[in-house]
Amino acid sequence: MSDEKKDIFTRRGFLGTGSAALAAAGMLSAKVAAAQAQQPYPAKEEGPKPYPTKDSRSASAPGPGNQVLDEQNPDSFLPPQTDAGGVQTFKYPFGISHKRMQQGGWSREVTIREMAISKTIAGVDMRLTAGGIRELHWHTAAEWAFMLYGNARITGLDAEGKSFVTDITEGDLWYFPTGIPHSIQGLNPDGCEFLLVFDDGNFSEYETVLLTDWMAHTPHDVLAKNFGVSKQSLETLPKKEKFIFQAAVPGPVAADQKSTAGSLGLSPVDFAFRTTQQAVTKRTKGGEVRIVDSSNFKVSTTIAAAIVTVHPGGIRELHWHPNADEWQYYISGSGRMTVFATGGRARTMDFQAGDVGYIQKTLPHYVENTGTTDLKFLEMFKSNFYQDLALSEWLTHTPSQLVLAHLDIDKATLDAMPKDEVPVMPK
Ligand code: MN
Ligand code: MN
């Protein structure tokens, strides 16, 4: 094999090859396969068989393939030797979900229909232009949100009928409980994009109570009687739902707050959370974690979250969550995660910005930064509190003779392990 051909199949060469070279790789791989076919099979090997490497005959993939997808998923192209058995797929990229296009923005969702494993949480990625409105609505699931880009104004009405209006910027959160009506509108200079997280994997953005949809399906004489206005004055009501639509950018937030307060005054409930004003919960050499749950964001009674940064080469340590499934959203960087699914089964998958990951309650996992920039991702749980346990804290808070009898390591190695939870270990 020439060095050039060999380089394509080594990990570094494979990942570093440009798209033009990758396009040609289909032809090259056929040549490589032909060259390999002429080599005699090795004599019967003694001892344990080595695990295939990328440039070995056993790992070659001369048939049809998507080189760009393979490049993004090296742990699917050649799984680590420790992977085994059938593990339900726990990755879905927003990039291949259906985009619902409207004037004023769009939305796309990852629910149990896109990702069968995600029973407890569904997510929506939504874009609104400056002035673009996600119309007044509510739903049967509660909504937790993270602002990914830009600025928005959100409105809501609390259970006492009091108004809530505030402006949200990148990194901020909001939470609207089941049945609480709300709206979102993009602000200057370029609107917003945000992630919505619902506490039900079966949720769909297509099944929400919309103001315009409701009005379009109520007899106009009933509406006239309800509002004490003439039927003629309601003739211009929309004939069908608007969902997302373009409107003018609203004025100052203070003016909206003043006009909506009425005789009751504004809501004492804060449906928003300014993550940027919160102290980091845990910071290590390897990265940092911010935890947001009902202990510091009171209204968020069904979604707990961790906002995680892992520096290059670092790892979100081996751990598990006793209380809930984990729904992940990757914001930036690249990483890989292995989920150990019991009974000798394990699967490793690779993640990039815009991907969704999912881990069932109690299953062990880690997230490793495999790139050269910070890996940022969100962990969400259907729970009012965040909870995790780490392998290191388990092993160092168990009698050492008991641990040594299991792992066949020496005492010095055990003593060198972190004594307490270190959410993000450095390189
Ligand atoms: Mn909503
Ligand atoms: Mn986790």
Side-chain angles (χ1 to χ4, degrees), residues 90 100 105 107 109 120-126 128 133-147 152 154-157 164 168 173-185 194-200 203-211 213 241 243-244 271-272 282 287 289 291 293 302-308 310 315-330 335-340 349 351 356-368 375 377-383 386-391 393 421-425:
F90 51 83
R100 185 177 180 182
S107 78
E109 62 185 12
T120 65
I121 289 181
V124 168
D125 175 20
M126 189 175 288
L128 296 174
I133 294 174
R134 166 64 172 98
E135 80 160 279
L136 288 159
H137 72 285
W138 72 83
H139 21 74
T140 53
E143 168 179 317
W144 181 98
F146 184 89
M147 186 59 76
I154 57 174
T155 75
L157 190 70
F164 172 80
I168 292 285
L173 316 179
W174 71 77
Y175 182 93
F176 289 117
T178 297
I180 291 295
H182 54 280
S183 69
I184 309 150
Q185 183 171 22
F194 47 91
L195 178 74
L196 301 170
V197 172
F198 300 91
D199 60 357
D200 175 8
F203 174 84
S204 173
E205 268 291 279
Y206 292 86
E207 296 162 12
T208 63
V209 179
L210 304 175
L211 173 63
D213 196 21
E241 67 174 54
F243 185 63
I244 290 173
F271 294 98
K282 278 174 188 164
V289 178
I291 291 167
D293 63 14
T302 64
I303 297 286
I307 304 163
V308 183
V310 183
I315 186 173
R316 170 82 177 87
E317 68 173 335
L318 287 157
H319 70 279
W320 70 100
H321 307 275
N323 64 328
D325 292 7
E326 174 176 340
W327 194 95
Q328 299 174 329
Y329 177 80
Y330 286 81
R336 69 170 183 169
M337 172 165 72
T338 300
V339 176
F340 171 56
M349 300 190 84
F351 293 85
V356 175
Y358 198 91
I359 307 109
Q360 288 166 294
K361 184 161 75 173
T362 79
L363 293 188
H365 54 284
Y366 68 86
V367 180
E368 182 184 21
L375 174 66
F377 67 99
L378 305 173
E379 309 174 356
M380 272 74 68
F381 307 85
K382 184 178 177 176
S383 175
Y386 176 88
Q387 185 177 63
D388 68 11
L389 285 169
L391 176 60
E393 66 178 342
E421 187 175 21
V422 186
V424 185
M425 283 293 282

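Sequential numbering from 1 along the given sequence is applied to the chain's residues. Counting starts at 1 for both ligands and their atoms, following the listed order.
Here Asp200 pairs with nothing under the side chain to side chain donor-acceptor pair (under 3.5 Å) rule; sequence neighbours left out.
Between Ile244 and Met126, the closest side-chain pair of non-hydrogen atoms falls below 4.5 Å.
Because the distance cut-off is set at 2.8 Å, Glu326 qualifies as a neighbour of the Mn ion (ligand 2) through one of its N, O or S atoms.
If you check the side chains of Glu143 and Trp174, you find a donor sitting under 3.5 Å from an acceptor. Using modelled atom types, one finds no donor on one side chain facing an acceptor on the other under 3.5 Å when comparing Tyr358 with Gln360.
Aromatic ring orientation, Tyr330 versus Phe351: parallel (interplanar angle below 30°, classes split at 30° and 60°).
Centred on the Mn ion (ligand 2), the angle running from His319 (NE2) to His321 (NE2) is recorded as 100°, rounding to 10°.
Note on the Mn ion (ligand 1): protein N/O/S atoms under 2.8 Å are His137 NE2, His139 NE2, Glu143 OE1, His182 NE2.
Among Lys382, Lys361, His321, the single residue meeting the side-chain hydrogen bond (donor to acceptor under 3.5 Å, both in side chains) criterion with Glu326 is His321.
Under the 6.0 Å distance and 45° angle rule, Arg134 does not count as a cation-pi partner of Phe194.
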